[in-house]
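Each chain gets a letter, A, B and so on, in the order its sequence line appears, and its residues count up from 1.
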Amino acid sequence: MAGITKRFPGVVANKDIAFKVRRGTVHALCGENGAGKSTLMKILYGVQRPDEGTITIEGNRVDLHSPADAIKVGIGMVFQHFMLADNLTVLENVVLGAEKLHGIGGAARTEIKRISKEYGLRVNPDDLVADLGVGDRQRVEILKVLYRGARILILDEPTAVLVPQEVEELFGNLRELKAEGLTVLFISHKLDEVLSVADDITVIRRGTTVATVDPKTVNARQLAELMVGSELPTPETAESTVTDRIVMRLTDITLAGGEGRNLLTDVDLDIHAGEVVGIAGVEGNGQAELVEVIMGMREPTAGRVFLGDTDISDWGVREIREAGVGYIPEDRHRHGLLLEAPLWENRILGHQTEAPNVKGQLIDAKAAKADTERIVKEYDVRTPSIFVTAGSLSGGNQQKLIVGREMSHNPKVLVASHPTRGVDVGAQSSIWDLIRKARHEGLGVLLISADLEELIGLSDTIKVILRGRLTGEFDPDHVTSQDLGAAMTGADGSHDEHPSDTTGAAR
Amino acid sequence: MKLDPKRALMTLAAPVLALLIAVVLTSLVLFALGDPVRDVWITMLSAPKPRQITNIVNGAIVLYLSAIAVAVGFRMNLFNIGVDGQYRVAAFAAAIFAGQGWLPGFLNIIVAILIAMLAGGLWASIAAYLKVKRGVSEVISTIMLNAIATGVVAWLLNKVAVKVKGSNATNTQEIPESSQLEGFKLIPGANNRIYTLLILAIIVGFLYWFILGKTRFGFDLRATGRSETAAVASGVKVPRMVMTSMIASGALAGLVGMPLLFGLDHSYGTTFQAGLGFAGIGIALLGRNHPVGIALAALLWSYLDTQSNALQIRAGVAPELVNIIQGIILFAIVIAYELVRRADIRLEQSKVAKELAAQRAVRTPEGAQA
Amino acid sequence: GCGSSTSTESSSSAAGSGSASASSSESTSAAPAGDSKLMVGIAYDVGGRGDQSFNDAAAAGLDKAAGEFGFKPQEATAVNDENDAAREERLNQLVDAGFTHIIAVGYAYAGSVGKVAKENPDVHFAIIDDDSDDSKGDNVAQLTFAENEGSFLVGAAAALKSKAGHIGFVGGVNVQLINKFEAGYVAGAKAVNPDIKIESTYLTQPPDMSGFGDPAKGETAADGMFQKGADIVYHAAGGSGGGVFAAAKKAKGWAIGVDKDQALIAEPDVRDVILTSMLKKLDVAVYEYLKAAQGGEEKSGKIVYDLKAGGVDYATTGGHIDDIKPKLDEYKAKIVSGEIKVPDEM
Amino acid sequence: MSTGLTTGTEQVLDSAESKRRGFTPATWALLVFGAVFIFAVLRVVTGANDIASSGALAATFGLAVPIALAGLGGLWSERAGVVNIGLEGMMILGTWFAAFFAYHWGPWAGLIGGIIGGLLGGFIHALATVVFGVDHIVSGVALNIIGVGIAKYLASRFFNGLPGGGPTQSPPLKKIPSITVPGLSDGLGTIERKHWFFVSDFAAVLRALVTDVSALTLIAIALFVATWWILWRTAFGLRLRSVGESPSAAESLGVNVYRYKFLAVLASGALAGLGGAFLTLVASNVYRDGQTGGRGYIGLAAMIFGNWRPGGLLAGSALFGYTDAIRLRGGDSVHALLLAIAVALVLVGIWQIVRKQRAIQGGVAIVVGLLVAWWFFAVDQVPGELAGTTPYVATLLVLAFASQRLRMPAADGQIYRKGGH
Ligand SMILES: Nc1ncnc2c1ncn2[C@@H]1O[C@H](COP(=O)(O)OP(=O)(O)OP(=O)(O)O)[C@@H](O)[C@H]1O
Ligand SMILES: Nc1ncnc2c1ncn2[C@@H]1O[C@H](COP(=O)(O)OP(=O)(O)OP(=O)(O)O)[C@@H](O)[C@H]1O
Ligand SMILES: [Mg+2]
Ligand SMILES: [Mg+2]
C-alpha cells in the first residue's frame, strides 16, 4: 500500500500511509485508538475508498471498489465488530456471498466441515449463530474467510474479546495458516501479543505510518512509545483507601435464564466505601446481567441487593439511581447517551428527577445547561459547545461526559462497565484519575473490564466471574494477567468445561 | 438553542423545496396526460375567499388535533395508526352524553369533551395493553381496532339512533342548543364562523409543547423515542411509558371529533367525517412533530383540500388530484429533511472536529493526546 | 396557451356520457351554452357520474333535460371522508359560478343545502333523498322516494317466484336508507308468504362505504345465501350488485336489481338472471324538476315520489315475471290506495 | 423513528421453537386433518353447516388470495429489511393498472398491468427507503396517500365516459378464467351434502380445491411455493434474507445491499399489485374506487401473524379470509364461531396456567373465554354490525396469544447506510 490518504469530514483518518507485507508472514499493525488502523484495513478490503494512494498485490495494482473486488484478489477480512447475522446458521453465514463456490447445500456443508477440521476450528455448520459464544463466532469469521480461499487475511483486533487461552489458540491457528503460505494482517493494541505472533510490525500514529519494525529487535515499551509518541500512563492504584463500611452488598443473587439455566448463581459480593471491586471474566459470563440486576433493570430470581442497609432488590432503575448509584454503561452509544440530543440534554439523562436538572415536575433547562458547562470544564470534555449533539463527539469525550455526569450526583456506589473501552490513551488516563479520586473520597466502585491491566491496576479486590458464579478472588498486587486468564476460563481447575458453553452453544 | 442562521435556512429550505418538487411533478403528470396544467394551478393557488379561509382554518383545527395525537406517539417511536377508530369511538360517546343534555350548556360541553378523551384513551389502551403485555405491534393492533371500532360504533349507533322525520341519515340525539357552539367571527367578510374549539386546539398545542418540552415526563418520553435502550438505563420504565403515551395519544385523538360535534354536526351520525386519523399521520410527519410545524402543515393540508374542491368545476380535473399533490409533498419533504439532516450532521461533525483541532493546536505544547 | 388541446380532450371524454362532465377551461367562467336560460349545477354524492347506480340515475335525468332544453350543466362530485363544511363549500362554489338551479344528490347534503339555500334565496335548490327540516327552505325542492314501496313489490315478486321459500337481501352499507329497502322487501315477501325465510347481509358498516363498491364481497354474500338454499337475492348495494348477479348466475338462481332497470344495463352475460329490478326514478324526478323550471315554475317543498306518483316501480324486462304481474299490480293498487302501509324501517 | 419500540415484554423464545425451521409435510398434513376435525365437531355441535361447507371454503379462497398476495409482498420486502406499510397503496395501484390493461388488451394483460402498477408503488417505496434512507413507515404512509390519489385521478381521467365506466369504476372487464375438475367436483358435492361427520367436511375441503378455482389462485399458490424455494433454497434468497438480518455482514461479504433491498421491494410491489389485479380480475370484473378496502394492511398483519414465513402467512390469510367469508355468507356461522373462540380461550388459559405457570394471563383468557361462551348461549345471532368485525377480532386474539413467539428479521425497519455502522 502506498500513499494512502483518507479524509472524513473534519478528520484525516489516513495520511500518506505506506507499507509492505511479505507473503507468508504475520504482519501486525499497531496504533492507539483512532490512529486509523481500521480505516486502512477497510480500504484494503474495499469497504471504503481511499482519496489518494495505490494498492498493489503480487505486483499488480488493484482498484477495490467493494468487498467483492477484494475477495476476488484473495483478500479476506475479519472485522473488529463481528459481521455475522445472528438468525442465520453458521453455514448460511459462511456461504453468503460465496455461493458460487460450493452452492448453499450439502457440498458447502462438507467443505465447511473439511476446513473446520483441517484448521482445527471446531465449527458446526448447522448451529444458529445466535447460540454461539464469542470464541466460536471468531472462528466462524475466520472460517468465512478461509472458505473463500483468501490468501491474505485481515484480522482487526481479533483478540479484544478473547481471554489469554483463547488468544493462544487463535495464534496457533494463525501460525498454521502462515505455514500454509497464507498472509495475515493482524491488528492489536496488545503489544505483548503482537510481539509474540508477528513477523513484522507496522506502527501507525495519527493516521500515518511511523515505522515498520522487527519484533525481535524491539520491546513493548519502545513499541508503545512509537505508537503514542510520548510516555505511557499506567493504571496504578495509590495507597489503599478501603474502609470497613459496606456501601453495597449482594447476597445469593440468582438470575434464571431460559431452559433452566441460570445466568447468575449465588453471587455474594460486598463493596466497601473507598473500594474498587474488579470483576474479571470472559464476555458473556454474567457480567452484563450482574450489572442489570444491580441497576434494577432486571429483578433477581433470588437473593437481595442492599445499598447500605436498604434492600433495593425490587426497586426500579430510577429509584436506585436516585438513591446514589452511578452508572457508566458498557455500551455508551446504546445505554449512556442520546446521540441525537445536545450535550446538555444528555447531562439530564439518567438524572431526570434530580437537581439541578429539575424543579418539581419541570425540567430546569437553565440550570442543567449551566451544570453541563461546569462538567465540560471540570472533566475536560473537548467540545465546541454544549449545544452540539453527543453523537458528534469522539468516543473518549463522550465517555468523559458520562463520567462527569455520574460523578456530579455524588454517588455512593459507581457501577463502571468497561469505562475505558475504545477510549484513547489520553482520555483513558483521565478517566482512571477520576475513578481514583472518587474512590479516595469514599466511593465504592464495581469495575467490570475486559482490560486485565486496567483491572489489576485499579482494583482493590478482583473477583472472577465464570458461568454466572463468582469463582475466585484475587489480590491485584499479587496476580498476573495469566493467572486471571486461567481463572476466567476455568483452566485453573476451578471448572472443567469449556467456557463458551455458558453462552449456550450445544455441540 | 442558539439560532444558527445557516441551520435555520436549511430547515426552511426543506419544505419550500418539497413544495416546488410537488408542483413540478404534479405538473408533469398533468401535462403527460393532457390535463390543463395552468388551470389546475390557477385553481389551486387562487386567493381563497373569506368563506374559504374560514373553511381552511376549520379544517386545519381538526387536522391539527389529529396530527398532535399521532405526534405524541411518534415522539416515542409509537405508531398510532388508530386515531381514526379512537376518535370515532370518542365522538360517539361524547355525542351520546351531550345529546342527553343532563348538564347545562357549557358544563355539558366540558364533560362531553372529557368523556371523549376517556373513550379515546380507553380504546387506545387496548392497543397499549396488547403491546406491553403481549408484544403485539401497535401498527397491527390499531389497524384492527379501527375496523372493530367501525363495527361497534355502527352497532351502538343503530341501537340509540333517533329517527328524524324525512331524514335518511342515522344520528344520535342532537345536542341541546345551549351546548351548540356558534363559532367566532374572525374572518371579515365571511358568513361562516371559525369553530369555537379553536381554543381547544390552541390549548392542546400549548400543552403538547409544554409537556413534551418542559416536563420530566416529556423528557422521558422523548428520550425513549430517541433511544429506548438509553432511556431504560436512565430509569425510564418503558412499558409504563408506552402505556401512558399510547393512552395519551388516544385521549388526544378523542378530541378530534369535538369541533365537528359542537361546531358543525351537533350529533354523531353516518355522515360524521371519517379518515382524519390517516391525514393526521401525514401532517404530523410534515410538521416534524413540532407544535408550530404541525399547525403550518395542517393549514397547508387543509388549504389543499379546500382549494381542490373547485378543481372539478374550474379545471375539469378530478379533485383527488390533491391526494397526489399531498403524497408527493410528503415524500419530497421527508426526503428533503433526510438530506438536510445528513448535511447537518456532516456540518456539525466537521465543525466539532475543526474546532477541536484548533483547540488542540493551542494545547499541543502541553503534549495532550489525540 | 393550453386551451385548444384541453378542449378537444374534454369533449372526447365527455362524448360517452353526452354531457360536459369534464368541462374545458372556457367553462371556468361558467357560461352555459345553448338556448335555455337555465344554469344548472349538480353536486353528486361520492362516486359521481358513472357509478352505474344512484348518481348515474340522477345524471340520466339531467342529461335528458340538458338535451331537450339546451343547457350545459356543471357537475361536481363529493370525495370520501368529507364533512358538511366541504359539501357546503361545493354548493357555494356552484352558487359563486352563477348557477341558478342546483341539484344535490344524496341525503348527505341535507344540512348543507339547508344552509346554503337560506343564504342564497335567489338560487333554486333540489335535494334528493331528504325531506327533513335540515334541508327545508322556500327555494328547496325535497325530492324523496318511497323505496320501501318499490321494494315491497319486488319482495312480493321474490316470494311469489321462490320455489324454496327462501330468499335473500344484500345491502351495501348498513345505513338507514338501505334499511328502508330491506324493510319494504321483507314486508312484501311476508305479505305473500308469512313463513318465508329471508336472509339479510350488509357488506360494510358506516362510515366504511366500501360496501357500495366491492363486488367481491357482494358475490361472497350472495353465494352464501344461494348455497344455503335461497333462490332469489335482492341487492341494494350499488356497485357491489355486480357480484350478486354473478353469484345468481353461478347458482342458477335469480337476482333482483335496484334503482334502474338493471336487466337493461348490467353486463350482458348476467342480464338473464335478473328477475326484475326495483325502479327508483331519480331520473324522472330530476327531469321533472328541471322541466318545471324551464317552464318558469320553481318547485319547492316536499315532493314525494312514491308508487302513487310513479316514482318507484318494478321492471318487467325479460318477461320473467309476466305470470305474476296481475298479483303484483294488485299489491300496487293496495299500496296506492293506502290499504297496505309499507313500513320504512326494520 | 425506524423500528418502533420493543418494550420490556419478555420475548419468551423456546430455543427449540426458534430452531424449528418450518414444518415437515407430515406436520402440515396433520395440521390440516386436525383443523378439519375440529370444524367437523363444531359443525355437528352447533348445527351451523356453513362453517365447513365447500362454498365457505371457496369464498375463503376468494377473500384470502388477495390478502395472501399482499402479505407475500410484505414478506419479500421485510425479509430484506424494509418495512412495507405501503402495501395498500401498491395494491390500489395494482387494481387500476390491471383494469386499464385488461380493458384494452384482455385479462392476461391485466395481470401484467397489475404487476406494473404494483411495481410503480414498489419503485417509489424503494427509492425513498433504500436510496434516500427515508423512514420506512413514513414512506409507506405517503405511498398509501399517493396510491389512492393516482388511482382515482387516473380512473376519472381514463374510465370516465367509457361504456359502463365512470370516475369511480372501470368498464366491465373480462375475468381470468377459472378451472373446475368436472366429475370430481360433483361427486364430492354429493358427499358434502350428506353432512356426514368428518367425511363430508373433508369432501368439502377437497371440493373447494377442485371447483371454480381461478387460474390466478393457482398462480398465487405457485408464487408461494416459488417464494419459499427462492428465499430459502437459493443463493439469491440467502443474500436477500441476509440483507434483512445483518446488512453490514452481507456487505462485508460483497453482497450489494442496496441492490437486494431494491429488488426485494420491487418484488414486493409486484406481488401486492398482483393482489390488486386479483380483486379486479378474479374477485370481480371491474375496478372500483376503494376496492381494496384495507386488504393491504390486513396482508401485512397476516404476514406478521405468520412470523415472516410463507406457510404462516398462508395460515394468517386463510384465517382472515375464512372469518370474513363466513360472516359475509351470513347465517349462524359467526355465532358458531363464538363457541370455538370460547373453547379455544379456555384451553389456552388452562395451558397457560398448567404448563406455563402464568396464572394471571391464563385467568384472563379463561374469564374472557367464559364471557364469550355466555354470549354464545345468550344470543341466537351475532348482530350484523359486530359480525363484520369477526376477522379483525380473530386476528387480534390470535396475535395476542401468539405474537411473543414471533421474530422479525433482525434488521427489519432499520435504515441502512453503506459504510456506516
Ligand atoms: N465513517 C467515518 N466517518 C468519519 N470519521 C471516521 C469514520 N470512520 C473513522 N473515522 C475517524 O477516522 C479516524 C480513524 O479511525 P479508525 O477507526 O481507523 O481508528 P482505529 O485505529 O481503528 O481505532 P480503534 O483502535 O479504536 O479501532 C478516527 O478519528 C475516526 O473517528
Ligand atoms: N459514520 C460516521 N459518519 C461520520 N462521522 C463519523 C462516523 N463515525 C465516526 N465519525 C466521526 O469520528 C469521530 C470519532 O468517532 P469514533 O466513534 O470512531 O470515535 P472513537 O474514539 O473510536 O470512539 P468509539 O469507541 O465510540 O467508536 C467523531 O468525531 C465522528 O464525527
Ligand atoms: Mg473506533
Ligand atoms: Mg479499529
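- When all heavy atoms are compared, the tightest approach of D:Ala59 to C:Thr220 is CB-CG2, 3.6 Å.
- Applying the ring-ring contact (aromatic ring centres under 6.0 Å, His included) rule to C:Tyr107 yields no partners; only residues at least two apart in sequence or on another chain are considered.
- Using a 4.5 Å cut-off between heavy atoms, D:Val148 makes no contact with chain C at all.
- Listed options C:Glu219, C:Met225, C:Met209, C:Lys228 were ranked by heavy-atom pairs under 4.5 angstrom with chain D; first place goes to C:Lys228.
- Inter-residue side-chain proximity for D:Lys152 and C:Val79 is flagged as unmet; no heavy-atom pair is nearer than 4.5 Å.
- When the ring-ring contact (aromatic ring centres under 6.0 Å, His included) test is applied to C:His166, no partner is found at least two apart in sequence or on another chain.
- Taken from CD in C:Glu199 to CZ in D:Arg329, the straight-line distance is 10.0 Å, to the nearest 0.5 Å.
- Across all their heavy atoms, D:Ser284 and C:Pro215 have their closest contact at CB-CB, 3.4 Å.
- No part of C:Phe226 comes within reach of chain D, as not one of its non-hydrogen atoms sits under 4.5 angstrom from that chain.
- Under a 4.0 Å N-O distance rule, the pair D:Arg295/C:Asp214 qualifies as a salt bridge.
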Considering only distance and modelled atom types, tabulate donor-acceptor pairs under 3.5 Å from the side chains of residues 167-176 of chain C, sequence neighbours left out.
{"unit_1": "C:Asn174", "atom_1": "OD1", "unit_2": "C:Asn179", "atom_2": "ND2", "d": "3.1"}
{"unit_1": "C:Asn174", "atom_1": "ND2", "unit_2": "C:Gln205", "atom_2": "OE1", "d": "3.0"}
{"unit_1": "C:Asn174", "atom_1": "ND2", "unit_2": "D:Glu385", "atom_2": "OE2", "d": "3.3"}
{"unit_1": "C:Gln176", "atom_1": "OE1", "unit_2": "B:Thr170", "atom_2": "OG1", "d": "3.3"}

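- The contact between C:Thr201 and chain D is made entirely by side chain atoms (from C-beta outward), counting heavy-atom distances below 4.5 Å.
- Closest of all the heavy-atom pairs between C:Gln227 and D:Ala56 is OE1-N, 4.2 Å.
- Proximity to chain C (any heavy atom under 4.5 Å) is shown, for D:Pro167, by both the backbone and the side chain.
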Next item on the list: Take C:Thr77 and D:Thr168 through the side-chain contact (heavy atoms from CB on, under 4.5 Å) test and state the conclusion after the steps.
Entry: CA-CA 11 Å; C:Thr77 306; D:Thr168 52; over 6 Å; no

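- The part of D:Leu63 that comes within reach of chain C is its side chain, from C-beta onward, which places non-hydrogen atoms under 4.5 angstrom from that chain.
- In terms of heavy-atom pairs under 4.5 angstrom with chain D, the leader among C:Leu203, C:Asp56, C:Val46, C:Asn55 is C:Leu203.
- Listed in order of number, the residues of residues 250-263 of chain C that approach chain D to under 4.5 Å between heavy atoms are C:Lys250.
- Using a 4.5 Å cut-off between heavy atoms, C:Ile265 does not touch chain D at all.
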